[in-house]
S.K.: 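Quick one: structure below, then a few questions.
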Amino acid sequence: MTISSQLKKTLANLKGIESTLSVYYLQSQEDDERAAYSEAMEAAGSVINDLESGIRKLEFEEPQYKGF
Amino acid sequence: MGNLVEVILRSISLFIIILFIARIFDVGSLSRKSSFRLINYSVIALISSLISLNLTTLAHGFAALGVWVLFTLSVDYLCVKSKFVHDLVHGKETVLIKHGKVMEENLLKIRYTGEELLRELRTKNVFNLADVEFAVMETSGEVNVLLKSDKKPVNARDLGKAAAPRREPQTVILDGNVLDEPLSNMGLNRGWLKTQLETMGIALENVFIGQVDSSGDLYVDLFDDIIQTPVPKVKEMLYANLQSAHADFLKYSIESDNEKDKSLYSKDAYILEKTLKKLEPYLLR
């Protein structure tokens with residue numbers, strides 16, 4: 001697998017993680033559980049941003065890997 | 001013939017009256033076993049059967065029934081209001097084992113043999129007298145046991161691991177019917193339930209019992225016991241996905257050519273590792 005498709009696979013994985021975390025955040029009734037999930041969502045969000053910028057850089061350098 | 005009809009009428013009315021009386025007594029009283037209460041209830045039962053069988057006049061019968069029911073109830077209330085009355089009626093708890101030593105004089109006081117003490121310990125799953133730190137006989141006759149600290153079952157605190165606080169689960173489906181009140185207790189509604197069932201591929205009519213735990217996972221038991229319902233593993237999957245993302249970032253960090261990328265990816269790997277640690281008590285326990 002090319003490095004580009006690996007990065008995109010990880011990105012999809014992380015987006016799924018983020019949405020599952022948000023479901024649990026919404027469903028949770030306990031304050032500290034909610035706090036833990038929202039922190040995790042923020043962490044996932046920042047990691048996703050870093051990864052997306054990495055992918056954009058890669059696509060800029062090698063345009064044949066643009067898109068899915 | 002008239003007598004027979006009277007007996008039937010009396011029995012029916014007593015039946016209904018006893019239903020209400022039993023409900024008044026029911027709440028909590030049944031679990032409190034004491035000879036006094038047992039005799040009270042037996043007398044009330046006997047009076048009711050006598051009335052029912054036309055063996056006493058209506059006036060006499062209901063008068064006696066009224067007295068016994070009212071007095072039993074008032075003694076209950078007085079016990080709550082005054083400690084003196086409570087101790088008078090029920091007595092005090094007797095300590096049977098203290099600091100691991102059997103109190104023989106107390107055993108004599110309640111007329112228990114050593115055999116009976118050991119038998120009561122066994123009902124609490126304690127087979128070794130050496131394991132017991134403290135044992136007390138309650139006013140109801142039940143023996144309650146406190147084990148020595150090294151014999152107690154291990155809990156999460158002993159292992160030094162944090163456990164996520166868990167609330168009580170709510171039963172939301174019973175016998176194919178949706179219970180709306182427990183659903184709203186969890187902040188959910190029928191729409192959510194419908195979506196969950198659709199994702200599991202199960203129809204509502206097939207569900208016998210459906211429970212939602214404190215973090216919102218739905219578990220169902222179906223009428224058809226042959227179908228295996230998958231136990232919800234979403235949390236474990238989430239944890240596993242996080243682990244795989246963390247491993248990916250470690251890989252990218254190693255495989256990167258330039259320093260900037262390397263540090264970026266290893267920072268992300270570290271963030272994910274911290275997240276994993278933080279979420280572990282909630283996802284895995």
Side-chain angles (χ1 to χ4, degrees), chain A, chain B residues 162 164-170 185-188 192 195-196 212-218 234-253 255-258 260-283:
Chain A
M1 247 194 321
T2 65
I3 183 77
S4 154
S5 56
Q6 281 178 33
L7 286 176
K8 285 171 185 163
K9 188 156 157 250
T10 310
L11 181 65
N13 185 15
L14 276 169
K15 287 193 166 163
I17 287 173
E18 195 184 26
S19 62
T20 314
L21 284 172
S22 79
V23 169
Y24 274 119
Y25 169 73
L26 288 168
Q27 277 180 176
S28 166
Q29 308 264 323
E30 317 262 335
D31 287 332
D32 39 354
E33 200 176 348
R34 285 197 131 194
Y37 283 132
S38 79
E39 253 187 71
M41 271 165 64
E42 278 172 31
S46 93
V47 170
I48 286 176
N49 282 338
D50 286 346
L51 191 56
E52 277 176 341
S53 72
I55 291 179
R56 262 183 307 213
K57 215 176 65 157
L58 190 67
E59 284 177 346
F60 179 69
E61 285 167 8
E62 291 168 77
Q64 69 265 32
Y65 290 134
K66 246 198 172 94
F68 290 107
Chain B
R166 236 168 256 264
R167 287 216 190 149
E168 74 278 15
Q170 299 279 358
N185 279 344
M186 298 240 58
L188 305 163
W192 173 89
T195 321
Q196 294 297 106
V212 177
D213 70 10
S214 59
S215 42
D217 290 328
L218 176 69
V234 181
K235 283 182 167 169
E236 287 85 346
M237 290 273 314
L238 178 59
Y239 194 78
N241 285 339
L242 271 170
Q243 278 177 319
S244 106
H246 167 65
D248 283 344
F249 275 99
L250 286 176
K251 191 171 82 138
Y252 299 148
S253 153
E255 285 177 357
S256 294
D257 298 325
N258 62 50
K260 211 165 68 129
D261 286 346
K262 253 187 161 64
S263 67
L264 182 73
Y265 289 138
S266 72
K267 175 193 93 174
D268 288 334
Y270 176 66
I271 290 177
L272 285 176
E273 187 180 348
K274 253 186 24 183
T275 311
L276 272 170
K277 242 193 209 88
K278 190 114 205 286
L279 286 182
E280 195 198 344
Y282 298 104
L283 293 180

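Numbers restart at 1 for each chain; the letters A, B, ... are given by sequence-line order, proteins then strands.
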S.K.: Side chains of A:L14 and B:F249, heavy atoms from C-beta outward: is any pair under 4.5 Å?
M.R.: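 Yes, side chains in contact.
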S.K.: Chain A heavy atoms under 4.5 Å from B:V234: which part of the residue, side chain, backbone, both or neither?
M.R.: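 Contact with chain A involves both backbone and side-chain atoms of B:V234.
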S.K.: Tell me, for A:I17 versus chain B, whether the close heavy atoms (under 4.5 Å) come from the side chain, the backbone, both or neither.
M.R.: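 Both backbone and side chain.
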S.K.: For a side-chain contact (heavy atoms from CB on, under 4.5 Å) check, start with the C-alpha distance between A:T20 and B:M237, then their side-chain angles and the critical distance, and finish with the verdict.
M.R.: CA-CA 10 Å; A:T20 314; B:M237 290 273 314; over 6 Å; no
S.K.: Taking all heavy atoms of B:Y282 and all of A:A36, pick out the closest pair and write down the distance.
M.R.: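 Shortest heavy-atom separation between B:Y282 and A:A36 comes out as CE1-CB, 3.4 Å.
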S.K.: Rounded to the nearest 0.5 Å, what separates atom CG in B:L279 from atom CD in A:E33?
M.R.: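 The CG atom of B:L279 sits 9.5 Å away from the CD atom of A:E33.
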S.K.: By a 4.5 Å heavy-atom criterion (distance strictly below it), what part of A:L7 contacts chain B: side chain, backbone, both, or neither?
M.R.: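 When you check distances to chain B, atoms from both the backbone and side chain of A:L7 fall under 4.5 Å.
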S.K.: Checking heavy atoms, do the side chain of B:D213, its backbone, both or neither come under 4.5 Å from chain A?
M.R.: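 Neither the backbone nor the side chain of B:D213 comes within 4.5 Å of chain A.
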S.K.: Could you tell me whether B:D248 and A:K9 have a side-chain N and a carboxylate O separated by less than 4.0 Å?
M.R.: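 Looking at B:D248 and A:K9, the cut-off is not met.
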S.K.: Go through it in stages, so that I can follow the logic: the residues are B:Y252 and A:T10, the test is side chain to side chain donor-acceptor pair (under 3.5 Å), and I'd like the CA-CA distance, side-chain angles, deciding distance and then a yes or no.
M.R.: CA-CA 11 Å; B:Y252 299 148; A:T10 310; 2.6 Å; yes
S.K.: Could you report the tightest heavy-atom contact between B:D217 and A:Q27, atom names first, then the distance?
M.R.: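 Where B:D217 meets A:Q27 most closely, the heavy atoms are N-NE2, 4.5 Å.
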S.K.: With a 4.5 angstrom heavy-atom cut-off, is it the side chain or the backbone of A:D50 that approaches chain B, or both, or neither?
M.R.: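 Both backbone and side chain.
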S.K.: Around atom CG of B:N258, are there more than 12 heavy atoms of other residues, nucleotides or ligands at under 6.0 Å?
M.R.: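 Yes.
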